[in-house]
Amino acid sequence: MSDQATDAATETFVAYRNLLFTVAYEMLGSAADAEDVLQETWLRWIGTDMQEVRDQRAYLVRITTRQSLNRLRTMTRRKESYVGPWLPEPLLTAPDVAEDAELAESVSMALMLVLETLSPTERAVFVLREVFDVGYDEIAAAVDKSPAAVRQIAHRARRHVDARRPRETVSASRTRAALESFQRALETGDLQGLLDVLAPEVVLMSDGGGIKQAAVRPITGADKVTRFILGGVGKHRSTVTADPTVANGNPALFVRVNGEIDGIITARVEAGRITGLYYVRNPEKLTRVASETPLTLR
């Protein structure tokens, strides 16, 4: 490939990089693995005869999807031996992402966990069709299925996700308000404040990856969740601070204990109260959020 052709290929890849990263991240739930997929996509893209490519965006999405599928199958085996609940790697996102309701929901912890229940091919088809509106023919080429089969897979995946996704779409401002109440109660150890903001059926999932202490199973119920949170804070006589941020397209809290990064909390909010709390403490999933500039996903 000539220098001129290489420059043109590089310019095209950079133009679609955020899109490709988001496709990979939504399929994998790991920013680190998504970056590896982009590197693999780049190596294949730079070796492609550009004169044979009719639609550069579709071709790049196809490469990214195939590489993500390969990695997703490997990750599935890795998750089987994971200690405790597995949560997606938090991704700091630009504030404007939270104002795009569809995009914000597509990368939310709540929906990403629903996507974990799909097969690799179902997940790829759902992400490409429902999130990025890719045509059935293009998806078929990416997943090596017929367009008719892809339509059936898309229908099945959509029905599966719709049955499990949050019941209502909540604005960023309402989620932010609920998290502000949670933040005040957390920082002051206010038992009643936590009970007021948590829904009676709230579920807490914490991910320590076997490295940091976390509940080995989801905790259900406002009383149990409150005792777990305040017990952890009081046990170590720690100073806890929680700074507002935006993670996975939604308002979140960056938690520090005695000034040291402890984790990222995101929440699912319904009817003004928190019904789901997702606390990522695994240090291996926090290296990026501690140092990176928030991403614009498209």
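This one's a predicted model, so the numbers in the text were calculated from it and none came from an experiment.
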(request) Start with the C-alpha gap between R165 and E105, add the side-chain angles, then the distance that decides, and say whether side-chain contact (heavy atoms from CB on, under 4.5 Å) holds. (result) CA-CA 10 Å; R165 76 197 316 165; E105 189 208 11; 3.1 Å; yes
(request) Quick one: do R123 and E26 satisfy salt bridge (charged side-chain N to carboxylate O under 4.0 Å, His left out)? Show the steps, please. (result) CA-CA 9 Å; R123 186 166 183 169; E26 292 201 21; over 6 Å; no
(request) Apply side-chain contact (heavy atoms from CB on, under 4.5 Å) to L204 and Y278, showing your working. (result) CA-CA 6 Å; L204 166 69; Y278 313 101; over 6 Å; no
(message) Please evaluate residues R159 and D162 with respect to the criterion side-chain contact (heavy atoms from CB on, under 4.5 Å), reporting the C-alpha separation (whole Å), side-chain torsions for both, the decisive distance (0.1 Å), and the verdict.
(response) CA-CA 5 Å; R159 185 175 56 195; D162 286 345; 5.9 Å; no
(message) salt bridge (charged side-chain N to carboxylate O under 4.0 Å, His left out) for R66 and E40? Distances and angles first, verdict last.
(response) CA-CA 10 Å; R66 287 178 174 175; E40 294 161 359; over 6 Å; no
(request) Take E138 and D55 through the side-chain contact (heavy atoms from CB on, under 4.5 Å) test and state the conclusion after the steps. (result) CA-CA 10 Å; E138 291 180 31; D55 185 333; 4.3 Å; yes
(message) Between S171 and S173, does the side chain to side chain donor-acceptor pair (under 3.5 Å) criterion hold? Intermediate values first, please.
(response) CA-CA 5 Å; S171 68; S173 61; 3.0 Å; yes
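Under 3.5 Å, the side chains of Y59 and R54 contain no donor-acceptor pair of N or O atoms. No side-chain N or O of R156 forms a donor-acceptor pair with one of H160 less than 3.5 Å apart. Checking Q67 against T41 by side-chain atom types alone, no donor-acceptor pair falls below 3.5 Å.
By the side-chain contact (heavy atoms from CB on, under 4.5 Å) test, Q152 pairs with no residue at all, sequence neighbours left out. Annotation: side-chain contact (heavy atoms from CB on, under 4.5 Å) contacts of D196 (sequence neighbours excluded): Q192. With sequence neighbours left out, the salt bridge (charged side-chain N to carboxylate O under 4.0 Å, His left out) criterion links R256 to D243.
At a threshold of 4.0 Å, the pair D207-K212 does not count as salt-bridged, since none of the basic side-chain nitrogens sits closer than that to a carboxylate oxygen. The pair R78-E80 does not meet the salt-bridge criterion, since no charged nitrogen lies less than 4.0 angstrom from a carboxylate oxygen.
In this structure, the side chain of Y25 engages the main chain of E89 through a donor-acceptor pair within 3.5 Å. A donor-acceptor contact shorter than 3.5 Å links the side chain of R273 to the backbone of L198. With hydrogens and angles ignored, the 3.5 Å screen pairs no side-chain donor or acceptor of N248 with any backbone N or O of P90. Under the 3.5 Å distance criterion, the side-chain polar atoms of N258 are matched with a main-chain donor or acceptor of T239. Listed for the S206 side chain is no donor-acceptor partner under 3.5 Å among the backbone atoms of A214. A donor-acceptor distance shorter than 3.5 angstrom exists from the side chain of K285 to the backbone of L87, with no hydrogens or angles considered. With T287 contributing its side chain and P283 its backbone, the two residues share no donor-acceptor pair below 3.5 Å.
Residues Q213 and R281 approach most closely at O-NH1, 2.5 Å, considering heavy atoms. Heavy atoms only, all atoms of each residue included: G272 and A178 are closest at O-CB, 4.2 Å. Taking both residues in full, the closest heavy atoms of E187 and A242 are given as OE2-N, 2.8 Å, listed atom of the first, atom of the second, then distance. Here the closest non-hydrogen pair linking V225 and L277 is CG1-CD1, 4.2 Å. Heavy atoms only, all atoms of each residue included: P218 and V203 are closest at CB-CG1, 3.9 Å. Here the shortest heavy-atom pairing between T65 and M27 reads O-CE, 4.0 Å.
Residues V255 and I265 meet the side-chain proximity criterion, which asks for heavy atoms closer than 4.5 Å. At least one side-chain heavy atom of E270 sits less than 4.5 Å from a side-chain heavy atom of R268. Annotation: side chain of E180 is not in contact with side chain of P244 (no heavy-atom distance under 4.5 Å). Considering only heavy atoms from C-beta on, I139 comes within 4.5 Å of R129 through its side chain. Between L286 and F254, the closest side-chain pair of non-hydrogen atoms is not below 4.5 Å. Inter-residue side-chain proximity for F21 and E35 is flagged as met; some heavy-atom pair is nearer than 4.5 Å. Counting heavy atoms from C-beta on, the side chains of L28 and V37 come closer than 4.5 Å. Side-chain contact between Y279 and I229 is absent, with no heavy atoms from C-beta onward closer than 4.5 Å.
Side-chain rings of W42 and F13 approach one another, their centers coming within less than 6.0 Å.
Note: the hydrophobic cluster containing L43 also contains V53 (ILVMFWY, side chain heavy atoms under 4.5 Å, direct or indirect links). Hydrophobic clustering of Ile, Leu, Val, Met, Phe, Trp and Tyr side chains at less than 4.5 Å, counting indirect connections, keeps I261 apart from I211. Under the 4.5 Å side-chain heavy-atom criterion for Ile, Leu, Val, Met, Phe, Trp and Tyr, I219 and V216 are members of distinct hydrophobic clusters. Follow the hydrophobic side-chain contacts under 4.5 Å out from L191 and you reach F182 in the same cluster.
The aromatic rings of Y82 and W86 stand perpendicular to each other, their planes meeting at an angle above 60°, with 30° marking the opposite boundary.
Interatomic distance, L230 CG to L186 CG, rounded to the nearest 0.5 Å: 8.0 Å. One finds the CZ atom of R71 at 5.0 Å from the CG atom of D33 (value rounded to the nearest 0.5 Å). Put simply, CG on L38 and CD1 on I63 are 11.0 Å apart, with the number rounded to the nearest 0.5 Å. N250 contributes atom CG, which lies 6.0 Å from atom OG1 of T175 (distance to the nearest 0.5 angstrom). L113 CG to S108 OG: the interatomic distance, rounded to the nearest 0.5 Å, is 8.5 Å. In this structure, OG on S68 lies 10.5 Å from CG on D36, to the nearest 0.5 angstrom.
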